[in-house]
Participant: 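Next up is a structure, given as structure tokens.
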There are 2 protein chains.
Amino acid sequence: MAEPKHPVQTVDRMLDIVEIIHEQDGAGVSEIAEQVELGKSAVHNHLTTLANREYVDKDGDQYHIGLSFLSLGAYARNRTPIYETGRSQVDTLADRTGELVNLLVEKNGMGVYLYQAKGENAVELDTHEGKRVPLHCTAVGKAMLAFRPTEEVDEILDTHGMEPVTAHTITDREEFHAQLEEIRERRYAIDNEERLNGLRCIAAPITDDQDRSVAAVSVSCPVHRVGDARFYEDLPDAVLGTANVIELEHNYS
Amino acid sequence: MAEPKHPVQTVDRMLDIVEIIHEQDGAGVSEIAEQVELGKSAVHNHLTTLANREYVDKDGDQYHIGLSFLSLGAYARNRTPIYETGRSQVDTLADRTGELVNLLVEKNGMGVYLYQAKGENAVELDTHEGKRVPLHCTAVGKAMLAFRPTEEVDEILDTHGMEPVTAHTITDREEFHAQLEEIRERRYAIDNEERLNGLRCIAAPITDDQDRSVAAVSVSCPVHRVGDARFYEDLPDAVLGTANVIELEHNYS
DNA sequence: GAACCTCATTCGCTATCACAGAACAAGTTA
DNA sequence: TAACTTGTTCTGTGATAGCGAATGAGGTTC
């Protein structure tokens with residue numbers, strides 16, 4: 001998205017306020033005012049306006065994200081074609097593996113977690129539905145990029161960079177392209193603590209009839225609990241199976 | 001929520017725009033401009049500002065709700081205490097009955113669908129997650145109100161009225177209170193085409209340790225498929241069971 | 001219990017900025 | 001080609017968002 005020629009500042013400020021409340025898990029007027037560099041009264045006016053329509057909830061002196069956003073968020077998700085078909089399969093995989101299973105789509109060069117299901121032993125992570133993550137440091141992201149034209153991959157890397165987030169994050173573009181090649185061959189991607197220490201993931205792409213990725217599924221599990229045998233054999237099979245079912249349902253129905 | 005003393009008009013207008021896009025399932029600039037009584041350029045500025053942050057997606061000449069709302073919506077839902085415990089039980093009930101199962105909470109005198117799970121034969125309805133409905137004409141709403149103090153019920157009816165939405169909607173306040181009394185006795189509520197023609201629901205409240213309702217679960221099914229035997233015996237048992245489990249998990253863990 | 005915090009909230013004034021309107025661009029229909 | 005759409009750009013100006021100071025409401029401390 002190109003920068004708007006005539007941005008509506010008030011809208012940007014309002015979104016800033018909402019996002020601050022989100023990030024901070026609730027916030028007070030003064031707290032917000034400091035961060036958006038706005039007077040307390042201005043922030044207060046924004047908050048009462050939002051509260052009036054239940055976009056924020058007021059709980060004592062703390063403001064929180066309101067349920068009105070749920071309606072819009074759920075709607076946006078339902079509109080995403082892969083969601084309906086992907087959901088039940090992701091649930092099944094979570095049941096079978098007992099781990100955390102994610103469904104990711106790409107928007108403007110970033111990954112967005114569309115849905116996640118928690119198996120019985122699922123790790124607790126910072127990934128929640130709707131969260132945006134860079135594509136280069138996650139298994140889902142790499143699975144996604146492996147099935148996109150090289151020019152597109154480069155364009156995405158150009159705009160979003162290859163910020164290292166752990167000691168294992170790939171930061172070299174050559175190496176990255178080599179890995180995508182591997183992924184294309186075996187059809188699944190691996191993340192060995194590239195985004196979070198102690199976390200490994202296996203991901204497989206979901207492609208359309210021209211073999212272009214439209215989404216990706218992954219299983220995330222803690223390093224200490226998942227031995228190499230399970231990680232390099234059982235899980236890839238399971239993930240590939242799931243991706244395949246979603247793919248078939250999505251393309252031929 | 002009292003009317004804000006100093007509403008930020010631009011925020012209200014922006015929310016109007018977003019809600020119009022939501023209701024209309026996507027809209028163009030001119031279309032929106034007519035409805036918010038704003039110039040096309042102003043609407044255009046709003047939309048580009050929103051699109052820049054992915055709160056709306058531009059698809060040709062149509063603007064749609066963007067996935068950024070998912071992050072906020074999912075967060076708001078996760079913050080709601082009953083969601084985590086309720087979800088898996090609602091899933092189970094949907095599996096067992098094959099019907100549409102809903103979890104509802106109350107916000108400012110209106111019902112908000114927090115979660116819904118579709119069984120194999122679930123009806124397709126206009127109820128989606130996040131949707132707000134009046135409490136007086138739904139089984140979930142009545143189950144909710146039955147376990148609130150009478151003054152609170154009257155206050156809610158005062159502010160939101162008792163608009164009839166089908167021929168069967170209760171519009172008399174005496175009759176309504178009498179029905180709440182019945183519901184308190186048998187612990188579940190019935191909706192026989194009071195909100196939608198052809199639809200019946202059974203709902204049970206989820207109460208806290210002081211027997212005040214914090215949420216309600218319901219099963220919705222088409223009249224033509226569900227005979228009286230199942231409707232008046234099997235379903236209430238199933239719904240009550242589910243509500244009970246959620247209640248226990250919620251209050252004692 | 002009074003003095004002192006630290007918040008949210010109110011209010012009036014004014015510089016800012018959101019918006020109308022007109023013009024343009026690009027695409028569709030006749 | 002002309003007469004329609006639609007979205008987009010641009011600019012002047014009147015409404016209004018937000019500052020700053022005052023007020024109010026709770027809490028904490030001595």
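Note on naming: letters A, B, ... go to the chains in the order of the sequence lines (proteins, then strands), and numbering restarts at 1 for each one. The figures here come from the full heavy-atom set of this structure, side chains too, leaving out hydrogens, waters and symmetry mates. Remember, it's a predicted structure, so these values are computed and weren't measured experimentally.
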Participant: I'd like to know if the side chain of A:Ser213 reaches the main chain of A:Met144, judged simply by a donor and an acceptor atom lying under 3.5 Å from each other, with no hydrogens or angles considered.
Facilitator: yes

Participant: Do B:His64 and A:Arg79 meet the criterion of a side-chain donor-acceptor pair at a distance under 3.5 Å?
Facilitator: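 Side chains of B:His64 and A:Arg79: pair found under 3.5 Å.
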
Participant: Tell me: OH of A:Tyr63 to C1' of C:dA8, nearest whole Å?
Facilitator: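 For the pair A:Tyr63 OH and C:dA8 C1', the rounded distance is 7 Å.
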
Participant: So A:His22 and B:Tyr75, would you call those rings parallel, tilted or perpendicular, with 30° and 60° as cut-offs?
Facilitator: tilted

Participant: Once each nucleotide of nucleotides 9-17 of chain D is scored for protein heavy atoms under 4.0 Å, what B/S/- sequence comes out, 5' to 3'?
Facilitator: BBB----SS

Participant: Nearest whole Å is fine: how far is C:dT16 C1' from A:Leu38 CG?
Facilitator: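 Atom-to-atom, A:Leu38 to C:dT16, this comes out as 13 Å.
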
Participant: In this structure, how many angstroms lie between the C1' atom of D:dT6 and the CG atom of B:Leu47, rounded?
Facilitator: 14 Å

Participant: I need the CG-P distance between B:Asp12 and C:dA18, as an integer number of Å.
Facilitator: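 Result: 15 Å.
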
Participant: Answer with yes or no whether the side chains of A:Tyr252 and A:Asp209 bring together a donor and an acceptor at under 3.5 Å.
Facilitator: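 On atom types as modelled, these side chains do not qualify, holding no pair under 3.5 Å.
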
Participant: Main chain of B:Thr207, side chain of B:Asn251: is a donor-acceptor contact present, judged purely on distance under 3.5 Å?
Facilitator: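 Between the backbone of B:Thr207 and the side chain of B:Asn251 there is a qualifying donor-acceptor contact (under 3.5 Å).
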
Participant: State, yes or no, whether a side-chain contact exists between B:Glu84 and A:Lys118 at a heavy-atom distance under 4.5 Å.
Facilitator: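 B:Glu84 reaches A:Lys118 side chain to side chain.
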
Participant: Nearest whole Å is fine: how far is C:dA20 P from B:Glu37 CD?
Facilitator: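 Going from CD in B:Glu37 over to P in C:dA20 covers 10 Å.
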
Participant: Atom CD of B:Glu34 and atom C1' of D:dG7: how far apart are they, to the nearest Å?
Facilitator: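 After rounding, the gap between these two atoms is 14 Å.
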
